[in-house]
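Notes follow once the structure below has been shown.
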Amino acid sequence: VREVCLSASRVITGLGPDLDSLWRGVLAGESSVRPLSLFATGRYHCKNASVIEGLQAEGGRSRIHALLERLLQGFPEVPADSVLLTASTKGCVDSMERLQQGLGGDPGELPMADLLDRIRARFGLAAPGININAACASSTVAVARAASLIAAGKSEAVLVVCLDLVSEFVFSGFCALQALSPGVCRPFDRNRDGLALGEGAAALLFLSRERAAREGRPELMTVAGWGAANDATHITAPARDGCGLVQAVRQALKRADLEPERIAAISAHGTATPYNDQMELTAFRTVFGGRDLPMHSIKGAIGHTLGAAGGIEVALAANCLDAGLLPGTVGLLEPEESGLGLVSASAQPILGDYLLSTNSGFGGVNAALILRRGGA
Amino acid sequence: MMEVHLTGIGWVTGAGCGWGSQGGLCEFGGPPLPVLTRKDVFPEPNQRFGRMSEYAKLGLAAVAFCLRDAGLESWSEKRAVGVVASTRLGCLVTDLDYHRGVLLEGGGLASPNLFAYTLANCFLGDAAILFGLTGSLLAINETGEDGLGSLRLALEDLALGEADTVLAGICDLEAPALLADQAAQAPGALFVSLALAPPVIPTGYGRVSLAEEGRVLHNGNRCADLSQLVQAALAGRDGQAARQTARQLGSGQEPRP
């Protein structure tokens, strides 16, 4: 089995144009969730989201192209034999909205294959690309597949590009589900009342350790384990007992050949909806017993970036492991009772080499990654 | 190169619904897709089916038929079976309906139920609930035109030990009017069940493997697309049935209808 390393990453979020601005922002307890001006919010009980400043639809094209352009600017050279995986739930959703409103646009943007082809062409990739849609766990599933392909020797290089936009389409739906917070997004808080949407993107280049060494490329972090499992209980609500998440985490531990005690920190999904956060706490208490370990969610800082969430969290995890520090959960005031000893509004030290990153989503999807500090 | 067993086939096309052991052919093209009702798919009442989007009904029906064919429809304990569904346009038709009804025609606040179906993977959540599937269930969009992307992922999962049984297939409604001139694929849904273990009752469907450069092989022969693979498997079924009839006639047994 080959070791899988993260060799390059780039991130764009509402907190800024790169990983450094995200890292500094969450450490400082900042949030980019603000009143929306992207569309009129008068009919909705929630008015806030995290959007990326200055992201314009140019020439009637989707804003996602501007996001992609910013994301990939300055990204290191990608090996031409890389497999391309993207993770997006709604792709060019803003183009669909404009076409429906009779404002023009190119319908050819709507199939996800169009976005895949553009990325392939940009990097001159030979192999066909695949977009993974596993709801809010899309990018976590994509990273798991990238790791799986490299570990088994099926590929030496995989580029994962994760991205989703804020749109009225998605905003209205989450509003109807009563899932959006009318106030401040407070993951794992006992008074949490919903999520905030966000837009963002991450580009992650994974290589086999041999390939990275051979080409003198950086080894930022290792993907040591991965797992994915379905709750098989409900389409939109998580299983109360966290059965799918428990199964996914245990798969990841088994793949990494680790006992739960070796996990030193958790980057949780932490949407701040009452049911999701309680489900996660239940699942983590099931896996880790009474042991307290630092855990956080960054969705109070940048909103829930849907298909991009897991990818952004993976990129940030490399910083966390490198610094030995897990930023606090922005928005958290009073931790949920079962989260006491796990979550904090302040940064917590990471006393070990392994971080667990998880995401869950509609359709009962759960996915887990175990990430190891670079050089460990 | 690891070979796995093809243990079930289920489909919904313009020519009708079916599954392998039921007989009949899986033919794409032709008339529009049938309007599916619960009775077309499930003998028992199912409160959710009528409320699903057309895309979800289409995909769920083909998954159900495939599981039926593979002997996996009935269950008492959840199983770690995975599903990979490849779709070109996903739930775009549902998206357009939702957007038109909720945001353009002022239909008030959105229907939470309809919104749930504006994700391409959500019908797989229904399949997970109905059939107790706890593996990795995901929808994919691919750039290739052969419809074999889901099979490649499923074969990789089986080869990498991620699962023992994975369903793989395609699911697409007719393209909406704004994409009518770009619709390259015939609409419909088709799923096959791939397993490490052979089927309990021989099907004659044969074996599938993944060769170099992503080539998908059926009994060692390259398949140009998913439809060709299924035609080859169904031909194997017919050969199996003929052999079984011959054996029964030779032993004086009454042939099974």
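The shortest side-chain heavy-atom distance between Leu116(A) and Glu142(B) does not fall under the 4.5 Å cut-off. The side-chain heavy atoms of Leu103(B) and Arg43(A), taken from C-beta on, include a pair separated by under 4.5 Å.
Residue Arg48(B) holds its CZ atom at 5.0 Å from CD1 of Ile235(A), rounded to the nearest 0.5 Å. How far CG of Asp117(A) is from OG1 of Thr143(B): 5.5 Å, rounded to the nearest 0.5 Å. Atom CD of Glu168(A) and atom NE2 of His99(B) lie 7.0 Å apart (nearest 0.5 Å). Note that CZ of Phe115(B) and OG of Ser172(A) are 6.5 Å apart. Values are rounded to the nearest 0.5 Å. Atom CD in Glu97(A) sits 9.0 Å away from atom CG in Leu104(B) (nearest 0.5 Å). Rounding to the nearest 0.5 Å gives a distance of 9.0 Å between CG of Asp95(B) and CD of Gln100(A).
Looking at Ile132(A), both its backbone and its side chain come within 4.5 Å of chain B, counting heavy atoms on both sides. Contact of Asp231(A) with chain B is made through the backbone alone, with heavy-atom distances under 4.5 Å. Both the backbone and the side chain of Leu153(B) come within contact range of chain A, with heavy atoms under 4.5 Å apart. Contact annotation for Leu92(B): only side-chain heavy atoms (C-beta onward) come within less than 4.5 Å of a heavy atom of chain A. Using a 4.5 Å cut-off between heavy atoms, Leu96(B) touches chain A through backbone and side chain atoms alike. Proximity to chain B (any heavy atom under 4.5 Å) is shown, for Thr233(A), by both the backbone and the side chain.
For Arg122(A), the CZ atom sits in a packed shell: over 12 heavy atoms of surrounding residues, nucleotides or ligands are nearer than 6.0 Å. Annotation for Arg51(B): atom CZ does not count as buried by contact number, only 12 or fewer foreign heavy atoms lying within 6.0 Å. Counting heavy-atom neighbours within 6.0 Å of Arg207(B) CZ, excluding the residue itself, gives a total of 12 or less. The neighbour count for Tyr275(A) OH, taken as heavy atoms of other residues, nucleotides or ligands under 6.0 Å away, does not exceed 12.
Between Leu179(B) and Pro107(A), the shortest heavy-atom distance links the atoms CD2-O, 3.4 Å. Pairing each heavy atom of Ala232(A) with each of Ala128(B), the nearest pair is CB-O, 3.4 Å.
Per-residue counts of heavy-atom pairs under 4.5 Å with chain B were compared for Gly363(A), Ala248(A), Ala179(A); the largest is that of Gly363(A). Chosen from Arg145(A), Gln251(A), Arg255(A), Gln247(A), the residue pairing most often with chain B at heavy-atom distances under 4.5 Å is Arg145(A). With chain B as partner, the option from Gly364(A), Ser148(A), Ala228(A) having the largest number of non-hydrogen pairs under 4.5 angstrom is Ser148(A). Most heavy-atom pairs under 4.5 Å with chain B, from the set Pro128(A), Ala127(A), Gly91(A), Ala135(A): that is Ala135(A). Listed options Val170(A), Thr86(A), Asn366(A), Leu85(A) were ranked by heavy-atom pairs under 4.5 angstrom with chain B; first place goes to Val170(A). Note on Thr236(A), Val365(A), Ile130(A): by heavy-atom pairs under 4.5 Å with chain B, the leading option is Ile130(A).
Under a 3.5 Å cut-off, the side chain of Lys90(A) and the backbone N or O of Thr118(B) do form a donor-acceptor pair. At least one donor-acceptor pair under 3.5 Å links the side chain of Asn121(B) to the backbone N or O of Phe362(A). Within the 3.5 Å criterion, the main-chain N or O of Ala229(A) finds no donor-acceptor partner in the side chain of Thr134(B).
Among the candidates Leu138(B), Leu119(B), Leu124(B), the single residue satisfying the side chain to side chain contact (heavy atoms under 4.5 Å, CB included) test with Asn133(A) is Leu119(B).
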